[in-house]
Amino acid sequence: MRVDTTPQVSGNRRSVRITTEYTYTGGLVLLDAVHMPTGCATWPAFWSNGPDWPNNGEIDIVEGVNDYSNNQATIHTAHGCTIPSSSSAALGITGNVVGGTNCAAAETGNAGCGMTATQSNTYGVGFNNNGGGVYASAYLFTIVRLLDVNV
């Protein structure tokens with residue numbers, strides 16, 4: 001699988017979505033990419049979700065739109081899932097909390113709990129100029145569509 005890098009196309013640009021219908025109860029998911037689409041009307045993403053969305057959750061491992069340069073990772077859940085603080089220092093992370101501390105999709109207009117990276121080479125042009133990179137996510141719960149890629 002590769003990204004279409006043709007500068008101009010007639011009609012619509014083709015996109016790719018890979019979905020598995022297998023159910024896993026845990027695992028390590030890796031995305032090893034050398035290029036990420038950038039520019040107007042692009043929305044590259046790599047995510048996973050459980051059955052009965054959003055009750056069994058969704059984790060956006062890589063996501064951004066258009067000319068974003070910093071990756072945003074987000075979780076979308078059912079009622080009752082929150083993060084304890086919006087302070088990066090209190091959470092012990094280097095990113096920034098966006099969208100608040102309530103992760104429930106139905107209660108946040110599907111915003112969930114997001115974290116944006118502070119490094120500008122985690123997404124888009126900076127990611128590509130870095131020669132790409134690897135994203136990893138470990139799971140300890142049931143996931144039905146483990147490897148959704150939308151580029």
Chemist: Can you tell me how far the CG atom of Asn102 sits from the SG atom of Cys81, to the nearest 0.5 Å?
Modeler: 8.5 Å
Chemist: Testing the basics here: between Ser137 and Ile61, what is the closest heavy-atom pair and its distance to 0.1 Å?
Modeler: CB-CD1, 3.7 Å
Chemist: Compare every heavy atom of Gln119 with every heavy atom of Asn70, then report the nearest pair and how far apart it is.
Modeler: ND2-O, 3.3 Å
Chemist: Looking at side-chain heavy atoms only, is the closest gap between Val29 and Phe46 below 4.5 Å?
Modeler: yes
Chemist: Can you list everything that forms a disulfide (SG to SG under 2.5 Å) with Cys113? Sequence neighbours excluded, please.
Modeler: Cys103
Chemist: Taking atom types as modelled, find out whether Trp47 and Glu63 have a side-chain donor-acceptor pair closer than 3.5 angstrom.
Modeler: no
Chemist: Taking all non-hydrogen atoms of both residues, which atom of Leu28 and which atom of Ala136 are closest, and how far apart?
Modeler: CD1-CB, 4.2 Å
Chemist: Any non-hydrogen side-chain atom of Leu31 less than 4.5 Å from a side-chain atom of Val62?
Modeler: yes
Chemist: Would you say the side-chain atoms of Asn66 pair up with the backbone N or O of Ala41, donor to acceptor, closer than 3.5 Å?
Modeler: yes
Chemist: Between Gln72 and Thr74, is there a side-chain heavy-atom distance shorter than 4.5 Å?
Modeler: yes
Chemist: With the side chain counted from C-beta on, respond yes when Phe127 and Asn121 share a heavy-atom pair under 4.5 Å apart, and no when they do not.
Modeler: no
Chemist: How about Thr77 and Pro54: do any of their side-chain heavy atoms sit closer than 4.5 Å?
Modeler: no
Chemist: With hydrophobic residues grouped by side-chain heavy-atom distances under 4.5 Å, do Trp43 and Met36 end up in a single group?
Modeler: yes
Chemist: Among Thr108, Asn110, Asn49, which residue satisfies the side-chain contact (heavy atoms from CB on, under 4.5 Å) criterion with His76?
Modeler: Asn110
Chemist: Looking at residues at least two apart in the chain, or sitting in another chain, which of them share a side chain to side chain donor-acceptor pair (under 3.5 Å) with Asp52?
Modeler: Asn55
Chemist: Could you list who else is in Leu91's hydrophobic cluster, with ILVMFWY side chains joined at under 4.5 Å, directly or through other members?
Modeler: Ile83, Ile93, Val97, Met115
Chemist: When Tyr123 is tested against each of Asn128, Thr116, Asn71 for side-chain contact (heavy atoms from CB on, under 4.5 Å), which residue passes?
Modeler: Asn71
Chemist: Among the clusters formed by ILVMFWY side chains lying less than 4.5 Å apart, do Val125 and Tyr135 turn up in the same one?
Modeler: no
Chemist: First locate atom OG of Ser87, then atom CG of Asn96, and finally report the distance between them rounded to the nearest 0.5 Å.
Modeler: 10.0 Å
Chemist: Measuring from Thr82:OG1 to His79:NE2, what's the distance to the nearest 0.5 Å?
Modeler: 9.5 Å
